[in-house]
Amino acid sequence: MNWFNKRSETKRTPLNRFTRIVFWSFLGWLIFRSCVVQVYKVPTGSMNNTFREGDYIVVNKLAYGARTPMTPLSLPFGHTYLDWISFSYHRLPGFSSIQRDDILVFNYPAEKDLPIDHRKEYVKRCVGLAGDVISIRKGIVYVNGRKRTEVATAIPIYARKYKRTATDSLFYSPAYFPHSGSVKWNSDRFGPLLVPKKGTRIRLTHKQLLIYREVIESYEQKEVRELNELCFIDGKPQKYYTFELNYYFVLGDNRANSLDSRFWGFVPEDHIIGKVVYSF
């Protein structure tokens, strides 16, 4: 009995109580940061018509459903992680779905050498939803054949209407998606481009593969091979392919100074972190 009492007294020391408080506080903060709300600093001027470089933005992760950790052996700051354990993509139920003109924070898709949740965080405006057809003609954006109204949504403090000067450049650079001399798009002449939607089926022609091969290989983890005008998916000849994820097309509000979907293509749904709801 004396031994039990001494052990109980030891557990109730101020140091142990303080340690437990710190541990549970840190755990609660980590869960809140991972699943509810997180604050990011805007690194560039690509969204200058809505908020400025150096501003802080509040990202609501519950809006579309919090994404469960993919590399759980990670530090909460920086990009230090161990890949001994990794999980596939899952998302908790959200309060809404992604809408056109939502401002998204997402992991940069082009950093394919890192786990998805450790790629750089980008912030852009969602212009095209899964299943939309995007075109840019003379610098003007069209969604499903309709001219898009360039109006920023109500993100305090800098949200306002802005205008885009129409241009018509014949300049071509392989820097633009899909990085092929056969598809000579640029910032003023782009598309028409179908944004892939889960369940949508495309015919696997050479022209279609120029645009969607990277999606199939990098984001849907399939092996693609062309041989004698035939397409092989994971070693099997296929005439059609059905997408397994939803994708989005994003642009910066300061489009003349924005590295966005015109350059690197689509944002897969498993890269979406959350919705910007406030800036300061």
Side-chain angles (χ1 to χ4, degrees), residues 33-53 55-70 89-111 114-132 134 136 141 143 148-156 158-159 162 177 193 195-198 215 218-219 243 245-255 257-280:
R33 179 180 182 271
S34 301
C35 300
V36 183
V37 167
Q38 189 169 350
V39 176
Y40 292 90
K41 185 176 182 180
V42 179
T44 70
S46 68
M47 294 292 291
N48 267 357
N49 287 308
T50 304
F51 34 72
R52 299 178 295 193
E53 181 179 358
D55 283 356
Y56 288 89
I57 53 177
V58 179
V59 178
N60 181 355
K61 297 185 177 183
L62 293 178
Y64 312 130
R67 186 180 63 184
T68 59
M70 299 178 184
Y89 163 68
H90 292 286
R91 191 178 293 276
L92 301 177
F95 298 114
S96 63
S97 58
I98 298 174
Q99 304 295 316
R100 292 189 196 94
D101 279 326
D102 282 358
I103 299 180
L104 309 177
V105 171
F106 55 91
N107 296 108
Y108 181 39
E111 289 190 324
L114 294 172
I116 291 173
D117 52 351
H118 282 277
R119 297 173 185 178
K120 290 179 183 176
E121 294 87 8
Y122 270 38
V123 54
K124 306 289 179 186
R125 188 180 297 278
C126 178
V127 173
L129 301 175
D132 284 347
I134 302 298
I136 302 177
V141 179
V143 181
R148 177 175 177 270
T149 303
E150 305 276 14
V151 179
T153 55
I155 299 291
Y158 305 109
Y162 61 98
F177 182 82
L193 174 66
V195 183
K197 181 179 181 179
K198 182 178 181 179
V215 169
S218 298
Y219 307 137
F243 293 107
L245 291 174
N246 289 317
Y247 296 82
Y248 302 91
F249 190 91
V250 298
L251 294 174
D253 287 350
N254 183 17
R255 203 174 304 154
N257 186 31
S258 175
L259 184 66
D260 48 41
S261 286
R262 295 169 299 169
F263 293 87
W264 39 258
F266 310 106
V267 180
E269 65 178 46
D270 58 2
H271 286 56
I272 303 292
I273 296 173
K275 177 182 180 180
V276 178
V277 294
Y278 194 78
S279 67
F280 60 93

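We count residues from 1, following the sequence as given.
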Nearest 0.5 Å, what's the [atom1]-[atom2] distance between [X] and [Y]?
| X | Y | atom1 | atom2 | value |
| --- | --- | --- | --- | --- |
| I134 | F266 | CD1 | CZ | 9.0 Å |
| I136 | R262 | CD1 | CZ | 6.0 Å |
| I98 | D101 | CD1 | CG | 13.0 Å |
| I103 | S279 | CD1 | OG | 8.0 Å |
| F177 | F263 | CZ | CZ | 13.0 Å |
| K275 | D102 | NZ | CG | 4.5 Å |

Which residues pass the side-chain contact (heavy atoms from CB on, under 4.5 Å) test with [X], sequence neighbours left out?
| X | result |
| --- | --- |
| I116 | R67, M70, N107, R119, D270, H271 |
| Y56 | V39, K41, F280 |
| V42 | F51, D55, I57 |
| T44 | S46 |

**Message:** I want to check something: taking the side chain as every heavy atom from C-beta on, are K124 and L104 in contact at a cut-off of under 4.5 Å?
**Reply:**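 The answer is no, as the side chains (C-beta and beyond) never meet within the 4.5 Å cut-off.
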**Item:** Student check: side-chain heavy atoms of R125 and T50 closer than 4.5 Å
**Value:**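 Answer yes - side chains close enough.
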Side-chain donor or acceptor of [X] paired with backbone N/O of [Y] under 3.5 Å:
| X | Y | value |
| --- | --- | --- |
| E269 | L245 | no |
| Q38 | K61 | no |
| D253 | N48 | no |

**Asked** Going through the distances and angles, do V59 and E121 end up as a side chain to side chain contact (heavy atoms under 4.5 Å, CB included)?
**Response** CA-CA 11 Å; V59 178; E121 294 87 8; over 6 Å; no
**Message:** Between V250 and Y122, does the side chain to side chain contact (heavy atoms under 4.5 Å, CB included) criterion hold? Intermediate values first, please.
**Reply:** CA-CA 10 Å; V250 298; Y122 270 38; over 6 Å; no
Taking all non-hydrogen atoms of both residues into account, name the closest pair between [X] and [Y] and its distance.
| X | Y | answer |
| --- | --- | --- |
| N60 | L62 | OD1-N, 2.8 Å |
| Y248 | S261 | O-OG, 4.2 Å |
| V195 | G128 | CG1-O, 4.4 Å |
| V215 | F243 | CG1-CE2, 4.0 Å |
| A130 | P196 | CB-O, 3.5 Å |

**Request:** Output all residues satisfying ring-ring contact (aromatic ring centres under 6.0 Å, His included) with Y40, sequence neighbours left out; order by chain, then residue number.
**Result:**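 With neighbours one apart ignored, the set is empty.
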**Request:** Please test L259 against Y108 for side chain to side chain contact (heavy atoms under 4.5 Å, CB included), starting from the C-alpha separation and ending with a verdict.
**Result:** CA-CA 10 Å; L259 184 66; Y108 181 39; 3.8 Å; yes
**Message:** For S97, give me all partners under side chain to side chain donor-acceptor pair (under 3.5 Å), at least two apart in sequence or on another chain.
**Reply:**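 Once residues adjacent in sequence are excluded, the partners of S97 under the side chain to side chain donor-acceptor pair (under 3.5 Å) criterion are Q99.
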